Amino acid sequence: MKLSWGHKIVFAYSIFVVGILSMVFLTAMENRDLVTEDYYQEELSYQKTIDQSSNTAKLSEEIRVEQKNQILTIMFPEEFKNESVSGNWKMYYAANKTKDFSGNLQTASGSIQIKTANHTGAYQLILNWQSNNQSYYFEKNIFLQ
């Protein structure tokens, strides 16, 4: 049986329509979570984050992050070795907000440890801390194993 050019055009258009409808269906099923629920308010106060980041850039050395045996160790620069450091940390997972986890940090030893058991994938470590009436902000992309 030989198909005429009219049948071939109808067949091609049918495949095109099925393809477009399947793409519309798949994109409608996609999860579209916002990074944060109050993003507009956070955007207005972003200058504070910029100032905190510039304070972090002025430190004598960078913050070191090491992962070993499902424990993430964050080591602050020497100027925080015997200083009281308080603030919070967050592990942000961009693909799924249910995988985010966070906590408070309080140390005078210059380092903190975070247990990362049951968490794998690409995270962004976000640190906010204060010491000696100065605020700091730090971000680093980390792959947890």
Side-chain angles (χ1 to χ4, degrees), residues 3 7-145:
L3 292 176
H7 288 106
K8 291 178 184 176
I9 290 175
V10 169
F11 185 68
Y13 278 129
S14 299
I15 290 175
F16 176 74
V17 168
V18 168
I20 293 296
L21 290 176
S22 63
M23 288 186 60
V24 168
F25 177 74
L26 290 175
T27 56
M29 302 302 291
E30 187 69 28
N31 188 6
R32 294 176 299 274
D33 291 333
L34 295 173
V35 172
T36 179
E37 296 299 325
D38 57 342
Y39 67 93
Y40 184 71
Q41 187 61 35
E42 284 191 22
E43 194 67 31
L44 291 175
S45 63
Y46 195 68
Q47 184 61 44
K48 180 180 174 185
T49 303
I50 294 171
D51 295 339
Q52 292 172 338
S53 295
S54 68
N55 289 342
T56 305
K58 294 175 188 174
L59 295 174
S60 64
E61 58 184 337
E62 283 191 16
I63 293 176
R64 293 179 315 217
V65 180
E66 294 178 359
Q67 180 185 2
K68 188 175 182 181
N69 298 331
Q70 296 182 338
I71 294 178
L72 193 67
T73 304
I74 301 167
M75 292 162 280
F76 292 97
E78 287 294 320
E79 50 254 52
F80 297 109
K81 201 67 147 190
N82 294 318
E83 298 292 328
S84 175
V85 175
S86 64
N88 55 50
W89 57 268
K90 180 178 182 179
M91 295 296 287
Y92 168 67
Y93 190 81
N96 186 349
K97 72 177 178 180
T98 62
K99 289 188 171 186
D100 293 354
F101 60 106
S102 61
N104 294 324
L105 66 91
Q106 185 79 32
T107 186
S109 66
S111 69
I112 62 168
Q113 292 185 336
I114 301 171
K115 294 180 182 176
T116 60
N118 304 323
H119 298 283
T120 59
Y123 282 86
Q124 182 176 31
L125 170 65
I126 301 170
L127 294 173
N128 282 304
W129 78 95
Q130 298 81 31
S131 181
N132 293 332
N133 297 322
Q134 198 69 272
S135 296
Y136 302 91
Y137 180 84
F138 176 77
E139 288 182 0
K140 182 171 183 153
N141 293 327
I142 297 173
F143 188 83
L144 298 179
Q145 300 174 355

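Owing to the predicted nature of the structure, the values given are computational and were not obtained by experimental measurement. Count residues from 1 along the sequence.
One finds the OG1 atom of Thr107 at 10.0 Å from the NZ atom of Lys81 (value rounded to the nearest 0.5 Å). One finds the OH atom of Tyr92 at 15.0 Å from the CD1 atom of Ile142 (value rounded to the nearest 0.5 Å). For the atom pair CZ (Phe11) and CG (Leu3), the distance works out to 8.5 Å, reported to the nearest 0.5 Å. Atom CE of Met91 and atom CG of Leu144 lie 4.0 Å apart (nearest 0.5 Å). Here the OG1-NZ distance, from Thr116 to Lys68, works out to 13.5 Å after rounding to the nearest 0.5 Å. Considering CG of Asn88 and CG of Asn128, their distance stands at 5.0 Å, rounded to 0.5 Å.
Only one option out of Thr49, Thr56, Ile126, Leu127 pairs with Glu139 in a side chain to side chain contact (heavy atoms under 4.5 Å, CB included); it is Ile126.
When ring centroids are compared, Tyr136 and Phe80 come within the 6.0 Å threshold.
In terms of heavy atoms, Gln130 sits closest to Gly87 at OE1-CA, 3.9 Å. Residues Ser135 and Gln52 approach most closely at CB-NE2, 3.4 Å, considering heavy atoms. Closest of all the heavy-atom pairs between Glu78 and Ser60 is N-OG, 4.5 Å.
Here the side chain of Ser111 pairs no donor or acceptor atom with the backbone of Ile74 at under 3.5 angstrom. Checking side-chain atoms of Asn96 against main-chain N and O of Thr98 turns up a donor-acceptor pair under 3.5 Å.
Contact annotation: the side chain of Asn104 never approaches that of Gln106 to less than 4.5 Å [non-hydrogen atoms, C-beta and beyond]. Side-chain contact between Tyr137 and Lys48 is absent, with no heavy atoms from C-beta onward closer than 4.5 Å. Looking only at side-chain heavy atoms (C-beta outward), Gln47 and Ile50 come within less than 4.5 Å of each other. Tyr13 has its side chain within reach of Ile9: a pair of non-hydrogen atoms, C-beta onward, lies under 4.5 Å apart. Looking only at side-chain heavy atoms (C-beta outward), Ser14 and Val18 stay at 4.5 Å or farther from each other. In this structure the side chain of Ser86 never reaches within 4.5 angstrom of the side chain of Leu105, judged on heavy atoms. Between Trp129 and Ile63, the closest side-chain pair of non-hydrogen atoms falls below 4.5 Å. Inter-residue side-chain proximity for Leu59 and Glu79 is flagged as met; some heavy-atom pair is nearer than 4.5 Å.
Ring pair Phe101/His119 is parallel by interplanar angle, where below 30° counts as parallel and above 60° as perpendicular.
Heavy atoms from other residues, nucleotides or ligands lying under 6.0 Å from CD of Glu62 number 12 at most.
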